[in-house]
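Accompanying notes for the structure given below.
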Amino acid sequence: MKKGLVIIPAYNESENIENTVADILKNAPDFDYVVINDCSKDNTLEILKEKNLNHIALPVNLGIGGAVQTGYIYAFENGYETAVQVDGDGQHDVSYLNAMYDEMKKTGSDMVIGSRFIEKEGFQSSVFRRMGITYFTKMIKALTGVTVTDPTSGFRLADRKVIEMFTKDYPRDYPEPESVVAILRNDCKVVEYPVKMRARQGGSSSITPWKAVYYMIKVSIACMIANMRHK
């Protein structure tokens, strides 16, 4: 059995999905992978089939939360010890996975978040998004007492306990801050590990300015609800 499973949610990632898988095979050979094709409208699915890449093709579009949760269910049912989300757009550097795995074992943590803001190297996102990230860092600190410098990072290694939790309940939209609050309130230990992230290698972000406003409001409410539910 490999160290864990890499979950790759993919929606219209035809420009980079093959490179993302090749990066895993080359730089994280101790991990298996599965691509969750979330009803892409481009030829992502055709590439997955043509190149015989391990994938699950969802029959309906579930959004990022549903796609990632499908990966956690796959990981749980197939007995993986750990699972990590890696975006299909090439932003996450999988060469950090072994170090994140070692950090989990060393610290006895349930989740290791790859943070771009510890050493502040590599792609730092836009000024507007960094403001939002700072806001969620302060909110999570106020709710849980824990400082998470990169609460919107999808590059997160989860242990078996968290995998099982996520199979039962996982936020649908913009899930990272809300799910961090939920697992902290379930007495899970969360640590961060410094990583460098890349700019998007292909495609375009699904978060428009209007969606960003919706994101801030919705996730703020969701975090407060998650905090109350799991007290």
Side-chain angles (χ1 to χ4, degrees), residues 1-10 13 16-37 48 51 53-56 64 67-125 148-167 170 175-176 179-180 183 188-202:
M1 177 67 72
K2 297 288 186 78
K3 287 183 177 178
L5 177 73
V6 176
I7 300 166
I8 311 169
E13 297 290 1
N16 206 60
I17 192 63
E18 191 175 349
N19 291 334
T20 298
V21 173
D23 189 27
I24 294 166
L25 296 176
K26 178 182 178 181
N27 295 307
D30 293 330
F31 289 77
D32 285 334
Y33 75 90
V34 61
V35 180
I36 312 297
N37 181 56
L48 296 172
K51 300 299 181 180
L53 304 180
N54 188 35
H55 70 278
I56 296 172
I64 183 64
V68 173
Q69 186 179 36
T70 299
Y72 283 122
I73 292 170
Y74 179 93
F76 184 74
E77 291 182 347
N78 286 278
Y80 285 97
E81 177 186 1
T82 66
V84 60
Q85 177 185 336
V86 168
D87 290 347
D89 57 17
Q91 292 193 74
H92 298 156
D93 186 346
V94 298
S95 65
Y96 286 103
L97 286 182
N98 278 323
M100 290 170 67
Y101 180 90
D102 291 342
E103 183 74 5
M104 176 175 281
K105 295 302 180 184
K106 182 177 75 174
T107 60
S109 54
D110 300 292
M111 174 174 279
V112 177
I113 300 174
S115 172
R116 75 201 97 172
F117 300 121
I118 295 176
E119 296 181 349
K120 298 184 178 179
E121 296 180 341
F123 179 65
Q124 298 287 290
S125 193
V148 180
T149 67
D150 202 350
T152 67
S153 172
F155 194 29
R156 314 184 302 171
L157 183 70
D159 70 358
R160 182 78 178 171
K161 176 182 176 180
V162 173
I163 292 171
E164 184 175 10
M165 284 176 53
F166 285 166
T167 64
Y170 196 72
E176 289 83 10
S179 59
V180 167
I183 66 173
C188 293
K189 182 178 180 180
V190 176
V191 302
E192 293 185 285
Y193 188 84
V195 301
K196 294 179 184 178
M197 291 192 186
R198 314 177 184 111
R200 171 180 282 271
Q201 304 296 298

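Not measured: the values here are computed from a predicted model.
Side-chain contact between V180 and P151 is absent, with no heavy atoms from C-beta onward closer than 4.5 Å. At least one side-chain heavy atom of L97 sits less than 4.5 Å from a side-chain heavy atom of F155. You'll find the side chain of T107 reaches within 4.5 Å of the side chain of K189, heavy atoms only. The shortest side-chain heavy-atom distance between R116 and K196 does not fall under the 4.5 Å cut-off. Side-chain contact check for S153 versus E192: every heavy-atom pair is 4.5 Å or farther apart. Annotation: side chain of F166 is not in contact with side chain of V68 (no heavy-atom distance under 4.5 Å). With a 4.5 Å cut-off on side-chain heavy atoms, C188 and M165 count as touching. Using a 4.5 Å heavy-atom threshold, the side chains of Y74 and I7 count as separate.
Scanning both residues, S95 and D93, for their nearest heavy atoms gives OG-OD1, 2.6 Å. Listed here is the closest heavy atom pair of P175 and I64: CD-CG2, 4.0 Å. Listed here is the closest heavy atom pair of D87 and Q85: OD1-NE2, 3.0 Å. Across all their heavy atoms, D110 and M104 have their closest contact at O-CE, 3.6 Å. What you find for P194 and Y96 is that their closest heavy atoms are O-CE2, 3.7 Å. Here the shortest heavy-atom pairing between V86 and H92 reads CA-ND1, 3.5 Å.
Taken to the nearest 0.5 Å, the OH atom of Y80 stands 8.0 Å off from the NZ atom of K2. Put simply, CD on E164 and CG on D159 are 10.5 Å apart, with the number rounded to the nearest 0.5 Å. Atoms CD1 and CE, from I183 and M111 in turn, are 4.0 Å apart once rounded to the nearest 0.5 Å. Distance check, rounded to the nearest 0.5 Å: CD of E77 to OG1 of T167 gives 8.5 Å. Distance check: D150 CG to E176 CD gives 9.5 Å after rounding to the nearest 0.5 Å. If you take CD on E18 and CG on L48, they are separated by 9.5 Å, rounding to the nearest 0.5 Å.
Between the side chain of Y33 and the backbone N or O of N54 there is at least one donor-acceptor pair closer than 3.5 Å. Using modelled atom types, one side-chain atom of T20 and one backbone atom of G88 make a donor-acceptor pair closer than 3.5 Å.
Side-chain atoms of E81 and Y101 form a donor-acceptor pair, as typed in the model, at a separation below 3.5 Å.
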D89 and N16: CA distance, side-chain angles, deciding distance, side chain to side chain contact (heavy atoms under 4.5 Å, CB included) verdict: CA-CA 6 Å; D89 57 17; N16 206 60; 5.6 Å; no
How far apart are the C-alpha atoms of I24 and I8, what are their side-chain angles, what is the distance that settles it, and do they pass the side chain to side chain contact (heavy atoms under 4.5 Å, CB included) test? CA-CA 11 Å; I24 294 166; I8 311 169; 3.5 Å; yes
